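This report refers to the structure that appears directly beneath it.
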Amino acid sequence: MRLLELIPMAWSTLALLWWIVAVFLVRGTRRTGSVTTRGHRQRVRSLSIFKPLPPVRSAEEAGAIAAAVETFLAEMDSSCELILGVPGEQSDLWRPKVDGWREMFPRARLRARIRATPNRHANPKVAWLAELAPEATGEDWLWSDADIIAPPGFLAEIRASLGSDPGIHAITVPYCIRRTAQPAGWLEALFVNVEFLPGTLLLRRTGPVALGFGAAMLFQSAEFRRRVSWEELGESLADDHELGRQLAPVRIAHTLVETCALESNLLPALQHLHRWQRTIRWCQPWGSAALVILFPLIGFFGALLVDPMNPVLWTELGFQYLAELIVVHLLLKQVGFSGPRGGRLLAAAWPVLRCLIWLAAWLPLPVVWKDLQDSWSSRRRPPRGPST
């Protein structure tokens, strides 16, 4: 067998070994419907939960975010407060929901800060968090994206985890996607469940880390004030990674939360994946480069450019593509993912799409946050100045 055939085959073997490990790592996450508390601190520390609400584009999106927020409200007791950042331009949409939550969850202390979307920091999420921080009274802070769904017992679990080891300064929580109502949502589900989650679960086994996930970051407010720079955080595209770096060591929690795949159009979904992959490249360039070992299709297509009529290469390519489709199916099944049938075409194309998205992260293309006016050409952008 020629070297041109052996190299892609060896590349494929290494990738498939990882996929076998990935399936075993993710196995059992579908059954994670609740968590158990491993221990209690002698005194329950007060907790402030930050939830800046993003501008929504439809009633369906607002409903999904509202349902996610309610999972946190249901977990709260008298030691917790939830601080909402409500965009002033959509206050009429959110006021009735906030009033309804106060009636549905009388035990939960809920405060809504309604104002124009702040722009003091380049990172829009950090701009909101900085606006909400003076409102917080908790000894511990929990930063969590608005579209995160908490399982039963979640708050008790991570609060106990933070107090179990004085050497750990923060707890961060991995996430998956279990459902989407839109075919385009399959793209985010594929990336999160197939690319992100297995690596995160492996990283959890290695011990404390110097990073964080936007799904949830729990830390002591006093520790934050001592160690974290709002300016550095606010000019960073990967605010969760930067927060974890400044608060390290961070422990990855054993519980798992869900996030919503809300994109209804393919282009924004692809832009979101590009931002994810480009952010990984900017934050961990060597680690991102090493991921090439998990993209053997690149090797097969490169070899076929040299010898396009080689039947051995075409056969190996077919086996590799089929093997990746089987892995996609197994991983989505492990987390219990379900979505509209129209998205199955995206799943069928995922072995190629994942290669293209990874390659695009190495091109000099800007990263789009929500619209073309908010694009990033590097992992950092200077502050914009005072809010207006």
Side-chain angles (χ1 to χ4, degrees), residues 15 18-19 22-23 25-27 29-32 54 56-65 67-68 145-149 151 174-201 213-215 256-280 291 294-298 320-361 367-371:
W18 160 246
W19 290 124
V23 170
L25 286 169
V26 178
R27 193 173 79 174
T29 56
R30 183 174 185 174
R31 296 188 295 273
T32 307
V56 295
R57 293 157 292 186
S58 67
E60 283 186 352
E61 188 173 342
I65 290 175
D145 291 346
D147 58 357
I148 296 301
I149 301 168
Y175 56 95
C176 66
I177 295 177
R178 290 198 169 104
R179 61 189 62 82
T180 181
Q182 305 290 342
W186 276 72
L187 283 175
E188 292 190 53
L190 287 161
F191 184 87
V192 169
N193 296 330
V194 178
E195 311 296 328
F196 164 80
L197 183 58
T200 301
L201 298 181
F213 309 128
L256 191 69
V257 295
E258 295 180 48
T259 186
C260 308
L262 300 175
E263 295 292 356
S264 57
N265 297 309
L266 286 177
L267 181 58
L270 287 169
Q271 289 173 334
H272 194 181
L273 298 194
H274 177 248
R275 174 159 65 90
W276 259 331
Q277 197 66 269
R278 188 68 179 270
T279 302
I280 294 170
L291 289 177
L294 304 182
F295 298 93
L297 288 188
I298 296 174
Q320 176 63 32
Y321 201 98
L322 180 61
E324 292 195 21
L325 289 181
I326 292 172
V327 168
V328 166
H329 171 75
L330 290 175
L331 290 175
L332 292 182
K333 184 178 180 181
Q334 294 282 23
V335 300
F337 173 75
S338 62
R341 290 186 176 183
R344 293 179 183 178
L345 290 175
L346 296 172
W350 186 246
V352 172
L353 286 174
R354 61 187 295 269
C355 293
L356 295 176
I357 293 166
W358 181 83
L359 289 170
V367 166
V368 174
W369 190 288
K370 283 293 185 182
D371 54 58

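This is a predicted model, so every value here is computed, not measured.
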- Task: Take L256 and L197 through the test side chain to side chain contact (heavy atoms under 4.5 Å, CB included) and record every step on the way to the result.
- Result: CA-CA 10 Å; L256 191 69; L197 183 58; 3.8 Å; yes
Note: A22 and P198 closest approach over all heavy atoms is CB-CB, 3.6 Å
Taking the side chain as everything from C-beta on, heavy atoms only, tell me whether E324 gets closer than 4.5 Å to P296. yes
| task | Determine whether P54 and I65 make a side-chain contact, defined as any pair of heavy atoms from C-beta on separated by less than 4.5 Å. | result | yes
- Task: Could you check if a side-chain atom of R275 sits within less than 4.5 angstrom of a side-chain atom of H272, using non-hydrogen atoms only?
- Result: yes
When rounded to the nearest 0.5 Å, the distance separating CG of L330 from CD of Q334 is 6.5 Å
The reported gap from CG in L270 to CD in E188 (rounded to nearest 0.5 angstrom) is 10.0 Å
Practice item. Would you indicate whether the side-chain heavy atoms of C176 and F337 approach each other to under 4.5 Å? Key: no
Original post:
Step by step, would you call L297 with R354 a side chain to side chain contact (heavy atoms under 4.5 Å, CB included)?
Top reply: CA-CA 10 Å; L297 288 188; R354 61 187 295 269; over 6 Å; no
_L190 side chain reached by L331 side chain, heavy atoms, under 4.5 Å_ = no
So CH2 of W186 and CD1 of I177: to nearest 0.5 Å the spacing works out to 12.0 Å
* Asked: Side chains of L359 and I298: does their closest heavy-atom pair fall under 4.5 Å?
  -> yes
Next on the checklist: Using side chain to side chain contact (heavy atoms under 4.5 Å, CB included), reason through L266 and L346 one step at a time and then give a plain yes or no.
Outcome noted: CA-CA 10 Å; L266 286 177; L346 296 172; 3.8 Å; yes
- prompt: So do E195 and Q277 actually touch side chain to side chain, heavy atoms under 4.5 Å?
  reply: no
One should read off an interatomic distance between L187 CG and I357 CD1, to the nearest 0.5 angstrom, of 6.5 Å
*asked:* Tell me whether R179 contacts the main-chain N or O of S338 through its side chain, where contact means a donor paired with an acceptor under 3.5 Å.
replied: no
One should read off an interatomic distance between D147 CG and Y175 OH, to the nearest 0.5 angstrom, of 9.5 Å
Does the pair L262 and Q182 meet the rule for a side chain to side chain contact (heavy atoms under 4.5 Å, CB included), with working shown? CA-CA 7 Å; L262 300 175; Q182 305 290 342; over 6 Å; no
Rounded to the nearest 0.5 angstrom, the CD1-CZ distance for I148 and F213 is 11.5 Å
Next item on the list: Anything under 30° is parallel, anything over 60° is perpendicular, the rest tilted; go ahead and classify W350 against F191.
Entry: perpendicular
Is there a side-chain contact between P340 and T180, using heavy atoms and a 4.5 Å cut-off?
yes
